[in-house]
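Read the structure below first, then the notes.
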Protein chains: 2
Amino acid sequence: MRVVKKAEERKNEILDAADELFAQKGFDGTSTNDILEKVGIARGTLYHHFKSKEDIMDALIDRYNVLLLDGAQDIAKDKSIPVIERIVRVVMALNISNVESGSSKEIMEHIHKPQNALMHQKIQKVIVNGVPPILTEIIREGIEQGLFSTPFPYECMEMVVIYANAVFDGDMVTMTDEERGSRMLAFVCNVERLLGAESGSLMAVMAMFGGGNEGGDE
Amino acid sequence: MRVVKKAEERKNEILDAADELFAQKGFDGTSTNDILEKVGIARGTLYHHFKSKEDIMDALIDRYNVLLLDGAQDIAKDKSIPVIERIVRVVMALNISNVESGSSKEIMEHIHKPQNALMHQKIQKVIVNGVPPILTEIIREGIEQGLFSTPFPYECMEMVVIYANAVFDGDMVTMTDEERGSRMLAFVCNVERLLGAESGSLMAVMAMFGGGNEGGDE
DNA sequence: CTCCAATAGACCGACTGTCTGTCGGTAATA
DNA sequence: TATTACCGACAGACAGTCGGTCTATTGGAG
């Protein structure tokens with residue numbers, strides 16, 4: 001049975017299906033046939049819209065990153081929020097949990113699975129290059145206000161983002177809940193040192209938001 | 001033509017071939033047939049020694065990591081070397097360039113290629129879990145000697161290793177030589193802050209070793 | 001304004017080549 | 001004789017291709 005749709009609509013159908021399947025079975029574990037079946041289209045149709053299986057993954061990552069980085073930017077630009085609180089908010093926005101289950105519902109679940117090394121790497125790359133600039137701007141404000149003091153705001157943020165991403169979001173390090181907690185503490189203290197912030201100044205604000213959230217990064 | 005060899009010898013032949021091929025064409029880009037051909041054995045032989053293609057990669061990584069971490073350990077244990085110098089030496093030992101082209105000649109060239117995401121990830125994992133403990137021991141000595149001051153030596157090292165690994169060795173961030181230089185400078189200063197070391201104390205020792213070496217980590 | 005033909009592009013599914021892993025059997029070694 | 005290294009044909013799965021079909025749109029003739 002032949003159903004014709006607009007290219008963009010079809011593309012999104014394919015991406016939605018791939019999104020879910022990759023989440024369940026990983027990129028390598030998902031065959032193009034799986035996607036075909038789920039969408040209900042023929043092989044040729046898929047390759048009419050995407051030039052390869054990897055092309056699908058790239059499009060998926062794009063779709064997700066726009067959502068993520070734009071959201072973070074919006075908060076970062078809102079100068080009515082105090083600097084430190086804004087940092088915490090941006091970091092929270094970068095956590096998937098907040099992304100309402102619109103189009104890229106479960107994307108975050110896959111990237112941790114060891115199966116999806118390539119996707120993981122690609123998303124990491126975008127985060128590592130996209131997030132620090134956003135945060136650096138806020139840090140600069142903080143420096144002007146005398147909250148922070150560092151000659152290397154960008155490099156600090158790069159370090160913070162890479163570390164948080166690897167440890168708190170990735171599966172690089174396996175931790176018990178206890179280890180996780182102590183690492184969070186150490187992390188906050190270390191960030192204070194890097195930024196030349198007053199000891200405890202970050203900790204205080206973080207505690208306000210505390211609750212379930214972790215302070216990971218992506 | 002049938003040639004019989006000891007299992008271990010054959011295994012190493014296979015690993016050597018895989019080593020070289022993965023370096024050239026990546027893991028996914030290398031077929032088992034390529035390996036078969038290069039070693040000059042039949043399919044069955046390969047699967048007699050290794051249970052899967054991925055198993056070959058794991059063995060390759062193992063072989064490499066033993067070389068790497070043991071070398072670093074040896075230096076770390078040599079208490080006749082001053083603490084800061086020893087740190088620099090350990091870091092240098094972790095740079096591939098030093099691994100004489102014995103068995104795992106070119107292993108390092110692949111892990112950067114985007115193709116080899118899985119291998120990259122696996123090696124990273126070993127480094128991130130294996131290197132910080134080694135360095136932490138030295139830091140503890142440094143603390144006793146009053147050189148450093150931090151309540152979180154392990155977490156500091158974890159951060160340092162993860163960052164250096166991602167930025168200086170990986171292809172996570174693309175930099176010009178100039179950016180690279182400024183990042184090195186910022187990195188050293190940041191590490192001094194993290195460790196609570198006197199400003200410039202690390203820089204001084206690093207400069208001694210300077211030359212071509214970069215101070216990356218793995 | 002209507003109708004029809006031509007064009008673009010969405011869609012189909014059989015097919016190809018390649019790849020990984022298996023299995024029954026054979027030669028060498030201890 | 002028993003074990004272990006080795007062989008190569010084979011099965012099953014998968015990514016990507018290709019010739020061709022169907023549908024919607026558009027623009028020109030009537």
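First the proteins, then the strands, lettered A, B, ... as listed; each starts at 1. Only heavy atoms go into these numbers, but all of them, side chains included; no hydrogens, no water, no symmetry mates. Computed from a prediction, not measured in an experiment: that's the story for all the values here.
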Subject >> B/Ile14 CD1 to D/dC7 C1', straight-line distance once rounded to whole Å >> reply: 13 Å
Subject >> hbond_proxy B/Arg2 side chain to D/dC6 base (donor-acceptor, 3.5 Å cutoff) >> reply: yes
Subject >> Basic-acidic side-chain contact under 4.0 Å: B/Arg140, B/Glu137 >> reply: yes
Original post:
For the residue pair B/Tyr163 and A/Tyr163, is the inter-centroid distance of their aromatic rings smaller than 6.0 Å?
Top reply: no
Original post:
With no hydrogens and no angle check, is any side-chain donor or acceptor of A/Arg86 less than 3.5 Å from a backbone partner on A/Ala76?
Top reply: yes
**OP:** Select base, sugar-phosphate, or nothing to describe what A/Lys6 touches, counting heavy atoms under 4.0 Å on all strands.
**Re:** nothing
Original post:
Short question: side chain of A/Arg43, backbone of A/Thr32 - any donor-acceptor pair under 3.5 Å?
Top reply: no
Subject >> N or O in side chain of A/Thr45 less than 4.0 angstrom from C/dC12 OP1/OP2 >> reply: yes
**OP:** Summarise protein proximity over nucleotides 10-19 of chain D in one line of letters, 5' to 3': B for base, S for sugar-phosphate only, - for none, counting protein heavy atoms closer than 4.0 Å.
**Re:** ----SBBBB-
**OP:** Nearest whole angstrom, please: distance from the C1' of D/dC6 to the CD of B/Glu9.
**Re:** 14 Å
**OP:** Could you tell me whether the side chain of B/Met159 reaches within less than 4.5 Å of the side chain of A/Ile162, counting heavy atoms only?
**Re:** no
**OP:** Go through D/dT21, C/dG9, D/dA5 for me and flag the one nearest to the B/His48 side chain.
**Re:** D/dA5
Original post:
Just checking, any donor-acceptor pair under 3.5 angstrom between side chains of A/Arg193 and B/Asn190?
Top reply: no
